[in-house]
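Some notes on the structure that comes next.
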Amino acid sequence: MVTYRNKELFVENVSFKTLASTYGTPCYIYSKKYLVEQFSDYKNAFKGYPQTIICYSVKANSNLSILKVFKEMGSGFDIVSGGELERVIAIGANPKKVVFSGVAKSNEEVKKAIEFGILFFNVESFDELEVINKIAKKTRHVAEISIRVNPDINPKTHPYISTGLKSSKFGIPIRQSFEIYREAKKMKNIKLIGIDAHIGSQILDLDPFEDSLERLENLYFKLKDENINIDFIDIGGGLGIKYKDEDRPPSKKKFAQKIIKRMKRINCKLLLEPGRSLVGNSGYLLTAVVYKKNNYKKNFLIIDAGMNDLLRPALYGSYHKISKVIRSHKDEKIYDVVGPICETGDVIAKNLSMNDVKLGDILVIHSAGAYGATMSSNYNTRPKIPEILVSGNKTFLIRKKETISQILENEVII
Ligand code: LLP
């Protein structure tokens, strides 16, 4: 992904140092080559099951130019809000490759999605089912739906990103779902076409995916016995990526082999909603050292990117590798790398060993392509930072830096 040439770190054929001087810091950098490679890997891995639709999960990174890269490679989209719907409409996505998940879809969002003609809604409650039926009736449509079931699987990941446990708010408990299917079948403006589950994110083990699909398979055949025929099984997203050197994410090929084996028995269409595994390691947060200080026994590197730009370390204690864009081997010291936000939790890395760091040095925070920019905020009235796509030796500004006046624009002084 990135390599040192002499002492300078490059992404594709562009040096991070050049990127920092052209666009300023902090900013997000994405490698197009990486995005294309990851999507191709998924496509190739699932070649053996041609009835597969890959719907990139927009929440991981929703920049319009990134969505366009995936659309041009044939991707569909998994969306979770009216805002994400507007994004996929803006890039001209094929509605028949868009699925809509999320526990709190509003009437307006449902109406807009029905009118756009999406492939299906992943319905997460009985109340939602009734709302979709009502709105479909009003607008004279038949809405296609799948039920998101909660298979009660422990994905062995961070508790904040486990979504298929009994205690979670997502989906409908798989045991209750059978009743919901029966009810849905009676609804005139609903067409039942799928079973969906999403068990969590950053999953590094294939067993939870297999266990979940096994439960979906049982439900599929149980429904069949009742004359409810399902066209789609949507297995959600969740394949993890390498953050630390010791992380061993399964290959997309191995993942596909396990899924396909079971799908061949079921023999209906397959839908996947990968997010992180398509974009996570394409992205870097480029930042500069603003100050250094030493309080008691701790050395701090204070950088110009904070938890408002990359929330993951503060929220989940996530690890993100950090490199200097100019390599050196002098004076190794242990630092806590902290951001400018007025929160003790604004720590990007603890006890990081770094060489010879000077004020103004440029650092790269790795694995920042997924849930980085999309989870950023204006906390401390800090503008959202620019995003840049690198392709070969070319660079493209794909999101301008937000201005302070844009932040203040919607506020009213009374
Ligand atoms: N489908 C649904 C219904 C989802 O809720 C998610 C992620 C995905 C697909 C994509 O999952 P992925 O392939 O990216 O694992 N902010 C957290 C991750 C939250 C994931 C939420 N759902 C993080 O930074 O780790």
Side-chain angles (χ1 to χ4, degrees), residues 35 38-39 41-42 53-62 66 70 75-81 84 98-105 119-124 128 146-151 153 155-165 168-172 194-206 208-209 212 216 232-244 247 249-250 252 255 259 271-283 285 307 309-320 348 365-377:
L35 300 173
Q38 297 307 306
F39 194 83
D41 281 357
Y42 264 114
I53 302 184
I54 304 167
C55 288
Y56 167 62
S57 190
V58 173
K59 65 176 84 62
N61 187 318
S62 55
I66 299 230
F70 291 133
S75 185
F77 298 98
D78 158 51
I79 58 166
V80 290
S81 70
E84 289 189 351
V98 175
V99 294
F100 195 160
S101 312
V103 292
K105 302 172 192 86
L119 179 59
F120 57 77
F121 289 92
N122 281 324
V123 173
E124 307 224 15
E128 181 191 335
S146 124
I147 306 280
R148 175 168 178 181
V149 299
N150 179 339
I153 298 281
K156 300 173 210 154
T157 182
H158 193 289
Y160 282 15
I161 51 178
S162 296
T163 51
L165 292 169
S168 133
K169 71 175 176 184
F170 298 101
I172 293 171
I195 303 175
D196 165 52
H198 171 78
I199 54 172
S201 197
Q202 183 55 9
I203 303 172
L204 294 172
D205 178 356
L206 291 178
F209 291 108
S212 170
L216 303 190
F232 280 95
I233 292 209
D234 177 347
I235 58 167
L239 198 56
I241 62 166
K242 190 177 187 131
Y243 285 97
K244 297 190 183 105
D247 287 343
K252 298 184 181 60
F255 171 68
I259 303 292
L271 200 137
L272 356 159
E273 304 170 355
R276 188 191 315 264
S277 48
L278 283 170
V279 290
N281 276 325
S282 82
L285 175 52
M307 64 188 281
D309 303 307
L310 180 68
L311 182 61
R312 303 191 72 258
L315 188 60
Y316 313 118
S318 314
Y319 171 87
H320 285 260
I348 306 281
I365 303 172
H366 295 248
S367 311
Y371 308 109
T374 49
M375 287 172 70
S376 63
S377 76

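Side chains are part of it too, since the values below use all heavy atoms of this structure and drop only hydrogens, waters and symmetry mates. Start at 1 and go down the list; that is how both ligands and their atoms are numbered.
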If you measure every N or O of S101 against every N or O of ligand 1, does any of those distances drop under 3.5 Å? no
Does any part of the side chain of F209, heavy atoms only, come nearer than 4.5 Å to the side chain of I235, both counted from C-beta? no
Atom indices of ligand 1, in the order listed, that fall short of 4.0 Å to a heavy atom of P274: 13 (O)
Got an N/O contact under 3.5 Å between M375 and ligand 1? no
So if I count the atoms of ligand 1 from 1 in the order they appear, which ones are less than 4.0 Å from some heavy atom of D78? 1 (N), 2 (C), 9 (C)
Do N61 and T374 get their side chains close enough for a donor-acceptor pair, meaning under 3.5 Å? no
Just to check, does F170 reach to within less than 4.0 Å of ligand 1 when the distance is taken from its heavy atoms? no
For ligand 1 and G275, I'd like to know whether there is a polar contact (N/O to N/O, distance under 3.5 Å). yes
Please report the interatomic distance CG(L310) to CD1(I365), rounded to the nearest 0.5 Å. 6.0 Å
Answer yes or no: is there a side-chain heavy-atom contact under 4.5 Å between H198 and F170? no
Pick whichever of C55, S318, G238, A197 has a heavy atom sitting closest to atom 13 (O) of ligand 1. G238
May I ask you to test the S377-L311 pair for a side-chain heavy-atom distance under 4.5 Å? no
Ligand 1 to R148, heavy atom cutoff 4.0 Å, flagged ligand atoms 3 (C)
Distance alone, cut at 3.5 Å: any donor-acceptor contact between the side chains of S101 and R148? no
Are E84 and K59 ion-paired here, with the side-chain N under 4.0 Å from a carboxylate O? no
Identity of the nearest option to atom 4 (C) of ligand 1, non-hydrogen atoms only, from K59, E273, R276: K59
